[in-house]
Each structure stands twice: as structure tokens, then as C-alpha cells.
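Notes follow once the structure below has been shown.
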Amino acid sequence: MDRITAAKVFVSIAERGSMIAAADALDMSRAMVTRYLAEMEQWAGARLLHRSTRRLSLTDAGTLTLARCRSMLELADDMALDGAVEEGAPRGLLRISCSQSLAQAVLAPAMTAFLQRYPHTTVDMQINNRAVNLVEQRIDLALRITNALEPNLIARQLAQCDSVICAAPAYLARHGTPGQVADLARHNCLTYSYFGKSLWQFTDVHGETLSVPVSGNLSANEDTSLLRAALHGAGIVLQPRYSVMAMIDRGELVQLLPQFTPQQMGIHAIYTSRQHMSAALRALLDFLADWFQHDASWLAHTPAARRRGRVSLE
């Protein structure tokens, strides 16, 4: 049997945690996946997987074989006979982790453009609203919106994320419209579990920083859930500008306190190493840095663009 294919099958099983998932990903029957795995174990001379009713896990021999299979597949890619691919050109799989709102509103169009530019790359987007361990989960690049990066992380800031305070007209009709930042303390504020749950910060027109303690009867660890609740009149919500401006333009939400600017957050690309970066990952980093600076579908969400009359592309 083809050892390159067997290596691909084994790597897919290890990465996806099941033979069924590997079969689906490789468009292969489970029987064929089982045959390739058996062949790989015969070549390795050892059992490669612990099998249980719930999950598969690597044996010590499996861990060693996995590393060797990945090296073999990288070498096979480097020896590809496709004359259209220049030496050193970006190619291969990139696994990206980001939040749901960033993936839906921002990253999906960016990845579409990236894959069109680099057709020999593929992207696997992992939607995760908590910080992930890049090594354990084999993530090449994580996008995080935060101002509090851990000091040991390797990060590149791509842009600033502006936020908006807003609520549905139905909520404001029942509870009134806040006129000052301090008024938020008396309203039902929907809070994000991992950022500013009890204290929202603003800057006024004079550049002074204002903080207000907020609370409410609904919090969540995923900001799009809070947005849906706000649309149904549950309360006041603090959301990324890119998520809500189209809804504000349509009248589904009302922007509140426009004379006060919510605290900006940095959008950071997190990765594991500068020294051992693939051509595909380097290309993706450079592409995203340029895309956030120049692409209309992102810039349409910025306050400066809206002041110039640029229409949101969301």
C-alpha cells in the first residue's frame, strides 16, 4: 500500500481523534482507513493507538510515529512536481483559532481573499471564545481581541477594535435612554464573562477616562449570544463595532452615548515561534496585517470611514 497515503491517514486519525472523522475528512471509507492504519502499525512494528469506546489516544510508539509521518509528509510536499508552485511558495494547511463574531464578520471575507491569492494553501478555522493552547491544540495562529496578553506570548498587533454601546428600541421604550455613562449603572447591562464584566471604561471628548460598574441578569462567554439577546430587548450591550453597525443602520439597535468612546481593544495574531515559521503562516500574517489596514470590508466598520460616508459592507 502507498506509505504516503498511510501516513496521511494516520495523521488525520491522530488530529481528529477518530477513524470516522478521518474517513470523512479524506473522503475515504472507514474500511480503507482501518486497512491503512493496520498497515502503518505493521510498518512501525508496534501498536500506535489506544482504542476505547469513547476515544482514541496515541501510544508512545504512536507519538513517535506521528512526528515521523508529519516530517515525511512535509518532505513529500517539498518534492511536489507541480511546476506551477514556485519553490518556497506558501502551501499547506493552516489551523486558525478565533472568536465567533470575528470569524463571521471579519475573518471569513479575509480568508476568502487569502485562499484566492494562495490557492495551494488550505485553512481550518477553529471557533473558540476562550484562549487556546496553541501547542496542545495544534493551532498555527490565534486571533485575540484583548489588551492583556500574557508576557510569554509571541504576538503581532493587526488593528484596533472599536466597540459600541447599544440596545434595542423596545428596551429603551420600557426603561429609558441613558444620557451619561453613570446612568448605565441603573440599567440592565448584558456582560461578557471574559472582559469587563463589572466595569466598562470610556473616554469623553476631552480625553478623560470614565469607568462605570455595570450589572445585569444575563452574562455569557460568547458575545454573539449577548447580541441576539439585546436584539430581543433584553438589555444594553457592549459589542465590537464590526458586529453591530449594520443593525444600527437598519434601526434594529440604537447606538447609545455616542459622545463617549468605549475602551479600544487590540486585535492580535498569536503564534508559537518566529524561527520555525512556515511560508504559509508568514504569508498569512503579512496578508492579515495588510488586510486590516487597507481592505474596505474591514475599514467600513471604523469610525473614520463612517464619518467619510463609507457604507458598511457587512
Side-chain angles (χ1 to χ4, degrees), residues 94-114 123-132 137 139 141-149 155-168 171 189-197 200-201 214 216 218-250 252-256 261-270 284 287-289 291-293 295-303 305-306 311-314:
L94 291 167
R95 290 168 58 87
I96 303 173
S97 173
C98 66
S99 68
Q100 183 174 347
S101 67
L102 193 64
Q104 290 178 342
V106 179
L107 201 58
M111 289 302 92
T112 300
F114 174 79
V123 171
D124 181 9
M125 291 173 56
Q126 303 289 311
I127 309 305
N128 201 315
N129 294 293
R130 303 192 71 169
V132 298
Q137 297 182 242
I139 299 296
L141 188 72
L143 297 183
R144 297 183 190 168
I145 302 177
T146 182
N147 287 338
L149 287 172
R156 178 174 178 179
Q157 182 164 333
L158 301 174
Q160 289 282 355
C161 179
D162 297 296
S163 297
V164 175
I165 296 288
C166 52
Y171 173 85
C189 294
L190 313 182
T191 54
Y192 180 50
S193 302
Y194 301 130
F195 165 63
K197 183 173 182 180
W200 287 354
Q201 296 183 338
V214 296
L218 177 63
S219 63
N221 65 348
E222 195 279 309
D223 54 0
T224 59
S225 298
L226 298 178
L227 176 56
R228 302 308 301 178
L231 284 167
H232 286 87
I236 294 176
V237 72
L238 173 65
Q239 287 280 307
R241 179 176 289 271
Y242 61 73
S243 292
V244 297
M245 288 313 299
M247 300 172 191
I248 291 173
D249 290 343
R250 294 193 295 264
E252 298 167 358
L253 293 171
V254 177
Q255 182 176 355
L256 305 175
T261 303
Q263 180 186 26
Q264 283 188 325
M265 306 289 285
I267 302 178
H268 302 272
I270 314 296
L284 178 60
F287 178 88
L288 287 175
W291 193 86
F292 275 101
Q293 292 297 315
D295 193 272
S297 62
W298 164 255
L299 294 175
H301 299 293
T302 64
R306 297 184 69 82
V311 177
S312 171
L313 302 180
E314 185 177 8

**Q.** Pair Y242-L102, side chain to side chain contact (heavy atoms under 4.5 Å, CB included): steps then yes or no
**A.** CA-CA 8 Å; Y242 61 73; L102 193 64; 3.6 Å; yes

Q: For Q239 and V164, run side chain to side chain contact (heavy atoms under 4.5 Å, CB included): C-alpha distance rounded to whole Å, both residues' side-chain angles, the deciding distance at 0.1 Å, then the answer.
A: CA-CA 5 Å; Q239 287 280 307; V164 175; 5.8 Å; no

**Q.** Steps toward side chain to side chain contact (heavy atoms under 4.5 Å, CB included) verdict (D223, L238)
**A.** CA-CA 9 Å; D223 54 0; L238 173 65; over 6 Å; no

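The distance from the SG atom of C166 to the OH atom of Y171 is 12.5 Å, given to the nearest 0.5 Å. Here the CD atom belonging to Q201 is positioned 13.0 Å from the CD atom belonging to Q264, to the nearest 0.5 angstrom. Going from atom CZ of R144 over to atom CE of M265 covers 12.5 Å, rounded to the nearest 0.5 Å. How far CG of L143 is from NE2 of H268: 11.0 Å, rounded to the nearest 0.5 Å. S163 contributes atom OG, which lies 8.5 Å from atom CD of Q263 (distance to the nearest 0.5 angstrom).
With sequence neighbours excluded, no residue forms a side-chain hydrogen bond (donor to acceptor under 3.5 Å, both in side chains) with T112. Residues that satisfy the side-chain hydrogen bond (donor to acceptor under 3.5 Å, both in side chains) test with E252, not counting sequence neighbours, are R250. For the side chain to side chain contact (heavy atoms under 4.5 Å, CB included) test, residues two or more places apart in sequence or in another chain that qualify with A113 are F287. Scanning for side-chain hydrogen bond (donor to acceptor under 3.5 Å, both in side chains) contacts around Q157 gives an empty result, with sequence neighbours left out. In terms of the side-chain hydrogen bond (donor to acceptor under 3.5 Å, both in side chains) criterion, Q255 has no residue partners (sequence neighbours excluded).
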With a cut-off of 3.5 Å and sequence neighbours excluded, list every side-chain donor-acceptor pair involving residues 224-232.
unit_1	atom_1	unit_2	atom_2	d
T224	OG1	E222	OE1	2.6
T224	OG1	E222	OE2	2.1
S225	OG	E222	OE1	2.7
H232	ND1	R228	O	2.8

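Nearest heavy-atom pair, Q160 versus G266, reported as atom, atom and distance to 0.1 Å: OE1-N, 3.9 Å. Of all heavy-atom pairs between W200 and C189, the closest is CH2-CB, 3.7 Å. When all heavy atoms of I165 and P262 are compared, the closest pair comes out as CG1-CG, 4.3 Å. Looking at every heavy atom in both residues, I236 comes nearest to A167 through CG1-CB, 3.9 Å. The shortest heavy-atom contact between A168 and L253 is N-CD2, 3.7 Å. Contact between F292 and I267 at its shortest, heavy atoms only, is CE2-CD1, 4.0 Å.
Side-chain contact between L158 and W291 is absent, with no heavy atoms from C-beta onward closer than 4.5 Å. A heavy-atom distance below 4.5 Å is found between the side chains of I96 and M111. Proximity of I270 to I139: side-chain heavy atoms (C-beta onward) are nowhere separated by under 4.5 Å.
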